[in-house]
Structure formats: structure tokens, C-alpha cells
Protein chains: 2
Amino acid sequence: MTLKILVVDDQALVRRGFAMVLGNETDIEVVAEAGTGLEAIQAAHQHQPDIILMDIRMPELDGLEATARILETQRESTRIIILTTFDPDEYIYRALRAGASGFVLKDIPPESLVAAVRTVADGGAMLDPTVTRRLIGRFAGKLGAAQNYASRIDRLTDREREVLQSLADGKSNQEIADALFIGAATVKSHVSSILSKLELRDRAQAVVLAYESGLARVGERDVEF
Amino acid sequence: MTLKILVVDDQALVRRGFAMVLGNETDIEVVAEAGTGLEAIQAAHQHQPDIILMDIRMPELDGLEATARILETQRESTRIIILTTFDPDEYIYRALRAGASGFVLKDIPPESLVAAVRTVADGGAMLDPTVTRRLIGRFAGKLGAAQNYASRIDRLTDREREVLQSLADGKSNQEIADALFIGAATVKSHVSSILSKLELRDRAQAVVLAYESGLARVGERDVEF
DNA sequence: ATCGCACTCCCCCAAAAGGTGGAGATCAAG
DNA sequence: CTTGATCTCCACCTTTTGGGGGAGTGCGAT
């Protein structure tokens with residue numbers, strides 16, 4: 001199956017350049033090009049590309065806004081790689097929030113661009129190394145505070161951690177009991193112990209801490225409520 | 001200037017493999033190998049490598065702990081790339097927190113490994129695409145399911161959303177009342193209304209939904225408990 | 001063998017949370 | 001001006017939660 005690509009950039013020359021690089025691959029086809037954000041949205045709906053290479057600075061509607069709008073309606077089928085000339089700083093966070101799967105500089109070597117497209121098509125994400133570092137730094141920094149909790153969590157027993165996991169699912173004591181095949185009284189014991197060890201007041205705080213510490217992660221939960 | 005590399009893995013065969021791949025490059029030199037975490041720490045101090053390729057599962061001291069210890073004393077001069085066989089899931093956060101600059105799977109193509117080493121040496125960071133995606137997801141607080149909840153959330157009134165925010169801080173009804181300058185009874189009303197509108201059972205579930213929907217995001221909270 | 005620990009479960013009690021069914025006030029829109 | 005929505009609060013009631021005691025089992029370390 002060939003990958004359908006949409007190339008979006010306000011400079012025709014740049015579009016052609018990327019299109020040529022990608023067109024050399026047998027399993028990649030550039031199905032459309034767009035020169036503005038609005039055109040991009042239009043083209044995305046019309047051609048349903050697998051991957052969109054999106055410039056940021058464009059007339060009418062910038063690439064990040066276009067990214068957000070496109071992903072609103074076709075998040076499942078289309079992934080977007082943001083291309084920028086340099087200075088990712090101000091844009092990366094907006095880009096990632098908008099739902100971009102990649103963020104690379106335009107001076108990327110052609111073969112790397114191809115690799116990035118394939119990676120993203122495979123469900124991965126590809127960021128420029130400096131962006132990656134920034135993201136890690138931000139991530140690690142944010143965890144500065146939560147690290148206290150992460151270390152406190154280590155003091156929990158295995159069973160207690162299991163119970164905390166269940167708490168982070170929004171389960172009641174009885175539901176946890178059923179899930180772990182133990183009595184409700186036992187769950188109460190564990191919960192009490194957890195709250196005490198982590199210096200928390202109630203299960204709601206336990207849920208917060210589970211997320212902040214990384215024990216629970218967004219999107220990994222089977223939230224059936 | 002040639003890059004000095006330390007290869008750490010408990011399997012000698014794996015070490016030799018990586019060493020050979022890297023040794024082919026004229027500007028890369030494998031200055032030492034280690035088979036355990038403790039050996040790694042020792043070798044890192046002795047050889048002051050620019051880059052360490054570090055396995056996770058090892059006897060004596062695992063790679064993540066070794067990473068943390070090494071970076072404690074030579075964070076400026078040495079960068080570490082974590083290598084794992086698969087299932088990055090459980091390790092990535094610990095790895096990034098420990099200060100790793102890279103996290104790649106062992107089945108990485110040789111030329112990509114070389115590229116990763118150069119990237120990290122240049123001050124960038126290199127993560128496996130699935131890891132990158134996870135990190136983005138975590139940062140952006142958005143993931144597939146989030147949309148369902150997000151839509152339910154906008155049925156809430158402004159005040160209710162405020163209260164939900166407070167719930168996601170782990171606050172009790174009284175604390176929310178104090179924070180919003182209203183009575184505890186009023187908070188109860190709002191909470192009831194929230195639970196009813198979102199079809200939740202208790203505040204713990206509300207916290208979960210706040211995170212899963214992106215209304216609350218890891219690291220944005222002033223967790224003072 | 002004894003100690004500590006984790007895990008299991010029990011009882012009792014108080015506090016918090018949640019449900020129901022109100023009420024008054026405001027304010028924007030029809 | 002009436003309607004509907006929102007925000008504020010109340011009273012009454014039931015359920016859940018959380019704390020404070022135990023207590024018995026098994027298991028691994030000393």
C-alpha cells in the first residue's frame with residue numbers, strides 16, 4: 001500500500017523540493033499540495049492523506065491552527081509532521097498540543113525526511129533531536145516535584161501499588177476487592193495504608209498522585225465510565 | 001576529535017556487536033566495556049567517555065540506577081543512551097528522569113545507532129519513535145479517548161468546570177468552598193451536578209476523567225500534599 | 001526458632017460524600 | 001414579562017470512606 005502525502009508550504013519551490021524527495025520512493029505518493037492553511041484543510045478532507053507535511057508560517061491560517069482543525073475531524077486516519085526553518089522554541093508546544101506527530105527542521109537530510117514519514121506512518125513520532133531534548137528537559141523538570149511522590153510510592157508494597165493502580169481507575173473499594181479477588185475489608189486496609197504512607201487524605205488525592213507520579217498515565221486506562 | 005564510547009551490557013556478545021558497529025566509524029572509539037551496573041560506574045569514572053550505551057537489565061545494579069549515579073557526578077561531560085530489547089513502557093520515565101539522552105531499542109539498524117550516537121554527542125536527544133509518541137501524548141495530555149470526555153465536559157457550566165478543576169487538585173468540598181468563596185453546600189450541589197452530567201460515581205472518577213480528558217495535565221498542578 | 005513483614009480479614013465509629021428535593025436571586029433571551 | 005439557565009444555599013437521608021484498633025497466616029531473613 002502506498003502512503004498518500006499532502007505537502008503544505010506557501011513557497012512553491014519548497015513544496016516541489018519535498019515532493020520530489022518523497023516522489024522518488026516507490027511506496028510514497030504526493031497526492032496534493034497546498035499553499036495556505038485553508039487550502040491544507042480543504043485538501044486534507046478531499047484527499048484523505050496518510051501523512052501531511054505542514055509548514056508553520058503561512059498566509060490565511062498558520063500550520064498549527066490548520067493542524068488542529070484537520071485533526072479534529074480525522075485524527076484516526078491522518079498524521080501530521082510539522083516542518084519549520086528553525087527556532088522550534090515558540091512553536092513546539094503548540095504543535096504538540098495541536099496533535100502533531102512530528103516536528104522536524106527543513107534542513108533535514110532527504111533520507112531522514114523519508115525515514116520520518118515512514119516512522120510516523122507506522123504510528124511512531126519523530127522530533128528533531130533538539131526538540132526531543134527540550135521535551136525531555138521539560139518532562140524531567142516537571143517531575144522535580146512529583147519525584148518526591150515517586151520515591152514515596154516506592155515504599156508501598158506490591159499489593160498496595162496494585163490497589164493504588166485500581167484507585168487510579170476510579171474503582172470503589174468493592175470493585176477493587178472484586179478485581180483482586182480479596183475482601184472489601186482487605187481493600188480498606190490497603191487503602192488506609194496507602195493514604196497513610198503517602199500522606200494523603202482520600203482516594204481522590206491518591207488518584208492525583210498516581211497521575212502526577214507517573215504510576216498512572218493518560219490514555220493507558222480502560223475508562224469504562 | 002574522536003568520540004569515546006563505553007558499552008555496557010551483561011551479554012558479552014551484545015557488547016561486541018555494538019562495539020564492532022561503532023568501531024567501524026573512524027571518529028568513534030569504544031574505550032571500554034562493562035557487564036554490570038557497578039562496572040559501568042567504575043568504567044565511566046576511569047575512562048570519562050563521551051557517550052555510554054547502557055543496557056537496562058543487568059546483574060548487581062540495573063542500567064537506570066547506574067545512569068542516575070553516573071550522571072550525578074559527570075552530567076556535563078557524559079551522555080547516556082539507554083538500550084533495551086523491547087517493551088520500553090515501564091522504563092522510559094525512570095530513564096528520562098535519571099537523565100538519559102536517548103532511549104532506543106536494540107533492534108535498531110546499525111546506521112541508526114551510529115546516527116543516534118552522533119546526535120546525542122551533538123547535544124540532541126534520540127528516542128525510539130514509540131517512546132517519542134508516548135512522551136508527546138503525556139505532554140499534550142491528549143489521547144484518543146480524551147475526545148469523548150472532552151465533549152461531555154463542555155456540557156458543564158463554567159462554575160462546574162471550575163469545581164472540577166479543584167476536584168482534580170484533590171481538594172475536599174470544604175477546601176473547594178474556601179477556594180471559590182462559596183458555601184460547602186453549594187460545592188456539594190456543583191459536585192453532584194458534575195457527577196450526574198458526566199455519569200460518574202464519585203470524585204475519584206472525576207479526577208480520572210479530568211486527567212484523561214486533558215482538563216488536568218500532569219505537571220501543571222500545585223500538588224501541596 | 002524467632003522476628004518482621006506482607007497479606008488477609010474483622011469490628012466499631014466518625015466523617016465525608018453523594019442523592020433528593022427543594023428555594024431564592026440574577027440575568028439573558030425570547 | 002415570562003422562561004430557562006445558572007449560581008447560590010438548605011435540610012434530610014443513605015452510602016462510602018477512612019481511622020483505630022486487632023488477629024491470624026505464611027514467608028523469608030536473622
Side-chain angles (χ1 to χ4, degrees), chain A residues 149-211 213 215-216 223-225, chain B residues 59-60 149-211 213 215-216 223-225:
Chain A
Y149 309 128
S151 61
R152 281 200 257 164
I153 283 184
D154 297 341
R155 295 205 188 89
L156 297 182
T157 67
D158 292 343
R159 202 51 159 171
E160 285 162 355
R161 245 188 306 280
E162 271 186 277
V163 172
L164 180 52
Q165 284 278 9
S166 289
L167 284 177
D169 286 341
K171 289 191 164 77
S172 69
N173 288 338
Q174 186 56 55
E175 283 170 343
I176 297 174
D178 294 344
L180 301 183
F181 304 106
I182 56 180
T186 308
V187 176
K188 287 189 66 172
S189 290
H190 289 314
V191 171
S192 280
S193 169
I194 291 169
L195 297 179
S196 159
K197 283 187 184 175
L198 302 182
E199 298 171 61
L200 304 173
R201 185 185 39 203
D202 54 42
R203 58 213 295 113
Q205 291 194 336
V207 174
V208 174
L209 191 132
Y211 275 99
S213 69
L215 191 141
V223 212
E224 74 261 316
F225 49 82
Chain B
E60 288 191 67
Y149 309 130
S151 62
R152 281 202 255 166
I153 281 185
D154 30 87
R155 296 214 179 82
L156 298 181
T157 67
D158 292 344
R159 202 51 161 169
E160 285 163 354
R161 243 188 307 280
E162 272 186 276
V163 173
L164 181 51
Q165 285 278 9
S166 289
L167 284 177
D169 285 341
K171 288 190 165 78
S172 69
N173 288 339
Q174 186 56 56
E175 283 170 344
I176 297 173
D178 295 343
L180 300 183
F181 305 106
I182 56 180
T186 309
V187 176
K188 287 189 68 170
S189 290
H190 288 314
V191 171
S192 279
S193 168
I194 291 168
L195 297 181
S196 157
K197 283 186 184 176
L198 302 182
E199 298 171 64
L200 305 173
R201 185 185 39 202
D202 54 42
R203 60 214 294 114
Q205 291 194 337
V207 174
V208 173
L209 190 132
Y211 274 99
S213 70
L215 192 143
V223 211
E224 78 258 319
F225 50 83

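In what follows, chains are A, B, ... by sequence order, proteins preceding strands, each numbered from 1. Heavy-atom basis, side chains included; hydrogens, waters and symmetry copies ignored.
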Where is the tightest heavy-atom contact between A:Ser166 and A:Ile176, given as atom of each residue plus distance? CB-CG1, 3.6 Å

Heavy atoms only: give me the nearest B:Leu180-B:Arg159 pair and the separation to one decimal. O-NH2, 3.3 Å

Out of curiosity, [X] [atom1] to [Y] [atom2], how far, rounded to the nearest 0.5 Å?
{"X": "A:Leu167", "Y": "A:His190", "atom1": "CG", "atom2": "NE2", "result": "11.5 Å"}
{"X": "A:Asp202", "Y": "B:Lys171", "atom1": "CG", "atom2": "NZ", "result": "12.5 Å"}
{"X": "B:Ser213", "Y": "B:Leu164", "atom1": "OG", "atom2": "CG", "result": "7.0 Å"}
{"X": "B:Ile194", "Y": "B:Glu199", "atom1": "CD1", "atom2": "CD", "result": "14.5 Å"}

Got A:Ile153 and A:Leu209 here, is their nearest side-chain heavy-atom distance under 4.5 Å? yes

Set of residues satisfying salt bridge (Lys or Arg N to Asp or Glu O under 4.0 Å) with respect to B:Glu60, sequence neighbours excluded: none

For B:Lys188, salt bridge (Lys or Arg N to Asp or Glu O under 4.0 Å) partners two or more places apart: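 B:Lys188 satisfies salt bridge (Lys or Arg N to Asp or Glu O under 4.0 Å) with no other residue.
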
Heavy-atom contacts under 4.0 Å between residues 179-194 of chain B and DNA chain D, which residues?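 Heavy-atom contacts with DNA chain D come from B:Ile182, B:Gly183, B:Ala185, B:Thr186, B:Ser189, B:His190.
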
For B:Thr157 and for A:Arg203, find the nucleotide of DNA chain D with the closest heavy atom, then tell me which residue's nucleotide is more 5'.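 Its nearest nucleotide lies further toward 5', so the answer is B:Thr157.
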
Between B:Arg159 and B:Asp202, who's closer to the 5' end of DNA chain D by nearest nucleotide?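 Closest to the 5' end, via its nearest nucleotide, is B:Arg159.
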
Intermediate values then yes/no, side chain to side chain contact (heavy atoms under 4.5 Å, CB included), B:Leu200 and B:Val208: CA-CA 10 Å; B:Leu200 305 173; B:Val208 173; over 6 Å; no

So where does chain B start and stop touching DNA chain C, 5' to 3', when the test is distance under 4.0 Å to a non-hydrogen atom?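 That gives a stretch of C:dA17 to C:dG19.
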
Quick one: how far along DNA chain D does chain B reach, first to last nucleotide 5' to 3', anything under 4.0 Å to a heavy atom?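 Using the under 4.0 Å cut-off, the span is D:dT6 to D:dC10.
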
Axis bend over the full length of the helix from C:dA1-D:dT30 to C:dG30-D:dC1, computed from five pairs that close each end, to 10 degrees: 40°

What I want to check is whether the side chains of A:Asp178 and A:Gln174 have a donor and an acceptor closer together than 3.5 Å. yes

Look at the side chain of A:Gln205 and the backbone N and O of A:Arg201, then say whether any donor-acceptor pair between them is shorter than 3.5 Å. yes

Stepwise, does the side chain to side chain contact (heavy atoms under 4.5 Å, CB included) test hold for A:Val163 with A:Leu156? CA-CA 10 Å; A:Val163 172; A:Leu156 297 182; over 6 Å; no

